[in-house]
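Encoded as structure tokens, the structure appears first; notes follow it.
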Amino acid sequence: MTWSLLRYLRENPEVLRESLRKRYMDPSLVDRLRSLDEQWRKLKRMVDEVRHRHNVITRSIAKTRDPEERKKLIEEAKRLLKEREKLEEELKRVEAEREKLLLSLPNIVHESVPEGDSDEYSVPVRFWGRPRVYREFLDAFREQTEKWGFKVDYELLDWKPVGHADMLENVLKLGNTIKAAEVAGSRFYYLFDDLVWLDFALLVYAIDRLTSKGYRLVLPPYMIRHRILMGVIDMETFQDAIYKIEGEDLYLIATAEHPLAGLYYNEEVMEDELPIKLIGISPCFRKEAGAGNRDLKGIFRVHQFHKVEQYVYAKPEESWNILEELIHNAEELFQGLGLPYRVVNVASGELGAPAAKKYDLEVWMPAQGRYREMVSASNTTDWQSYRLNIRLVRRKGMVREYVHTLNSTAIASTRTITAILENFQEPDGTVVIPKVLRKYLEPFSKAPKDAIYPVKKEKTNE
RNA sequence: GCCGGGGUCGCCUAGCCUGGUAGGGCGCCGGACUGCUAAGCCGGUGGGGGUCCACCCCGCGCGGGUUCAAAUCCCGCCCCCGGCGCCA
């Protein structure tokens, strides 16, 4: 059983070099790894040989009755032991270095991924819906549609929609990030009343639709061990996103993807059990350490939110079709909500180490004049399963390889709420609730049903 | 948190006291036999190295230690089960 990256390293290093180049990383890593791997194998042969000689003597001692002969053999074993320990120490050192570099390798970029070092190079693959475009954003809109050869029908607005952060805080007055900043820090929030109902309704909507498609509903652990986390993410993500529980080997999950990947940690999966399709629901905790001052206002980019996540264990030959299935599932959810979006094929430089290919679903934000990421769907092929030791056992000949894993957002609550606040806003500040959510709000007497209304202005101001 | 019991190949289990190449059952894969199927029979069943044949190394929760030699003895840690305590 060989991991795809190791196989490429040994048999076809040019593929790896090319992949690293597309990610704007140093391709010489491949050459360092190759020589290290060669050195490791050579050293391993030497160590194994000494171990063998030592084992032979050790075994013969057990059979030897004559005390003189025994003594002689023990002396010989002791001598070999010294040699063995010296070599083993060297092997251990090389092995650790090799392992470290191997685990720093990002997944191989799929051939269909556009090359580029920023999201400018991500390529839209399709558009859906009829965006509402404020007059002044027309040029920007064309830049994001026609430039890519798409003719997207739009509704021209001659009034400027209020941004989601202002809607939340000032128009609807259903969120308080100022107080939350005092209590917990920036990028936290209090949500109230109708927006809380909306948050829940969105999650249940996603759960309802996906479980109907046969996905198994999972409530996973919200904290996981370091070992599992390192199987799922790369060092960069770890440092930018992950909160640690002090004094314990526990980390807050940044998405349900993490514990769902751990569900089959160290397991063998029979091929006829695949694909295993899961949806997890969980809070997500993220440091947003690399975000700087981006999206500081409102609830677009926060330290904590709720998400329904799709996660699939698949056979290698079916994983690329399943990636399409996952992004289509997400599209159906956003179509149901009536949010106009585009799907982009994310550029090689923006992929993240685990992913071989990634689609983002971006919703048009009328107050910003931009498509913004709501969903991310990745095929991580065998990158996570190698690290988590999740094997696929083929019936034919009991052959073992690694499963493929995939993940995709279904609904991330707060971000989707920002999209709703901007897209379904009326000139008077009323926010119309997507019809599809109604059945999930209906059972609750205090939940909003059709719309969320702005706080009435003070009489004196009118 | 305390006390006791336990963690062995995909699953179950023997071996641990008394150190000397981890045995059996189930499942699965393959083979021979067979009109077909099953039973029964034979072989295989983790990771790595290797001229990918032979063969060799490593693997008994994890990490150390003792020893020529550790599943076995010693120390630390993790997890599971039972009892007590605490508790939404």
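Convention: sequence-line order gives letters A, B, ...; per-chain numbering from 1. Since the structure is predicted, the reported quantities are computational estimates derived from the model, not experimental observations. The basis for the numbers below is simple: all heavy atoms, side chains too, and nothing from hydrogens, waters or symmetry mates.
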Check the interface with nucleotides 51-59 of chain B: list each N/O to N/O pair with the protein under 3.5 Å, or write none.
{"residue": "B/C56", "atom": "O3'", "partner": "A/H52", "partner atom": "ND1", "Å": "2.7"}
{"residue": "B/C57", "atom": "OP1", "partner": "A/H52", "partner atom": "ND1", "Å": "3.1"}
{"residue": "B/C57", "atom": "OP1", "partner": "A/N55", "partner atom": "ND2", "Å": "3.2"}
{"residue": "B/C57", "atom": "O2'", "partner": "A/D48", "partner atom": "OD1", "Å": "2.6"}
{"residue": "B/C57", "atom": "O2'", "partner": "A/R51", "partner atom": "NH1", "Å": "2.9"}
{"residue": "B/C58", "atom": "OP2", "partner": "A/N55", "partner atom": "ND2", "Å": "3.2"}

When you compare the protein's N or O atoms with those of nucleotides 25-28 of chain B, which come within less than 3.5 Å of each other, and at what distance?
{"residue": "B/C28", "atom": "O3'", "partner": "A/R395", "partner atom": "NH1", "Å": "3.0"}

Could you list all N or O pairs between the protein and nucleotides 71-79 of chain B that sit under 3.5 Å apart?
none

Could you go over nucleotides 62-67 of chain B and give all protein N or O partners under 3.5 Å, atom names and distances?
{"residue": "B/G64", "atom": "OP1", "partner": "A/K92", "partner atom": "NZ", "Å": "3.4"}

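Every pair passing ring-ring contact (aromatic ring centres under 6.0 Å, His included) that includes a residue from residues 68-115 of chain A is listed here, sequence neighbours excluded: A/H110-A/W320. The stretch residues 170-181 of chain A participates, sequence neighbours left out, in these side-chain hydrogen bond (donor to acceptor under 3.5 Å, both in side chains) pairs: A/D166-A/N170, A/E169-A/T177, A/K179-A/E182.
By the 30° and 60° cut-offs, the orientation of the rings of A/F238 relative to A/H226 is perpendicular.
The interatomic distance linking A/L43 (CG) with B/G50 (C1') rounds to 15 Å, in whole Å. Counting to the nearest Å, the C1' atom of B/C68 and the CD atom of A/E75 are 9 Å from each other. The separation between A/R391 atom CZ and B/U45 atom C1' is 13 Å, rounded to whole Å. One atom, CG of A/L6, and another, P of B/G47, lie 14 Å apart when rounded to the nearest Å. Across the protein-nucleic acid pair, A/I61 atom CD1 and B/G19 atom P stand 16 Å apart, rounded to whole Å. Rounded to an integer number of Å, the gap from A/I74 CD1 to B/G19 C1' is 13 Å. One can place CZ of A/R400 at 7 Å from C1' of B/U45, the figure rounded to the nearest angstrom. Rounded to a whole Å, the CG atom of A/L73 is 13 Å from the P atom of B/A69.
Qualifying side-chain hydrogen bond (donor to acceptor under 3.5 Å, both in side chains) partners for A/K358, counting only residues two or more places apart in sequence or in other chains: none. The salt bridge (Lys or Arg N to Asp or Glu O under 4.0 Å) check on A/E442 picks up A/R438, with sequence neighbours excluded. Residues meeting the ring pair (Phe, Tyr, Trp, His ring centres under 6.0 Å) test with A/Y313, sequence neighbours left out: A/Y264, A/Y311. Looking at residues two or more places apart in sequence or on another chain, you find no ring pair (Phe, Tyr, Trp, His ring centres under 6.0 Å) involving A/H328. Shown here are the side-chain hydrogen bond (donor to acceptor under 3.5 Å, both in side chains) partners of A/E271, two or more places apart in sequence or in another chain: A/R394.
Note on A/A62: a base of the nucleic acid sits closer than 4.0 angstrom, heavy atoms only. In this structure, A/R98 reaches neither bases nor backbone, as no heavy-atom distance under 4.0 Å exists between it and the strands shown.
In this structure, a donor-acceptor pair under 3.5 Å is absent between the side chains of A/S408 and A/N329. In this model, no donor atom of one side chain and acceptor atom of the other lie less than 3.5 Å apart for A/Q304 and A/Y189. For the 3.5 Å distance criterion, the side chains of A/Y243 and A/H303 qualify, holding a donor opposite an acceptor.
Listed for the A/R301 side chain is no donor-acceptor partner under 3.5 Å among the backbone atoms of A/R187.
Atom name C1', nucleotides B/C9 and B/C84: the rounded distance is 37 Å, in whole Å. If you take atom C1' in B/C33 and the same atom in B/A38, they sit 13 Å apart, rounded to whole Å. Nucleotides B/U67 and B/U13 are separated by 30 Å at their C1' atoms, to the nearest Å. Across the P atoms, B/C26 and B/C75 are found 39 Å apart, a figure rounded to whole Å. A gap of 13 Å separates the C1' atoms of B/A70 and B/U21, to the nearest Å. Using atom C1' as the reference point in both B/A22 and B/C29, the two lie 22 Å apart (nearest Å). Separating the C1' atom of B/G47 from that of B/A32 is a span of 31 Å, rounded to the nearest Å. For the P atom pair drawn from B/G40 and B/A54, the interatomic distance equals 30 Å after rounding to whole Å.
Both distances falling under 3.5 Å, in either a Watson-Crick or a G-U wobble arrangement, occur for no nucleotide opposite B/G85.
A cation-pi arrangement, defined by a distance under 6.0 Å to the six-membered ring centre and an angle within 45 degrees of its axis, is absent between A/R391 and A/Y402.
Contact annotation: the side chain of A/Q310 never approaches that of A/K213 to less than 4.5 Å [non-hydrogen atoms, C-beta and beyond].
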Ignoring hydrogens and angles, write down the donor-acceptor pairs under 3.5 Å from the side chains of residues 94-103 of chain A, residues two or more places apart or on other chains.
{"residue": "A/E95", "atom": "OE2", "partner": "A/W40", "partner atom": "NE1", "Å": "3.0"}
{"residue": "A/R98", "atom": "NE", "partner": "A/D37", "partner atom": "OD1", "Å": "2.8"}
{"residue": "A/R98", "atom": "NH2", "partner": "A/D37", "partner atom": "OD1", "Å": "3.2"}

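Note on A/R227: every side-chain N or O is 4.0 Å or more away from OP1 and OP2 of B/G61.
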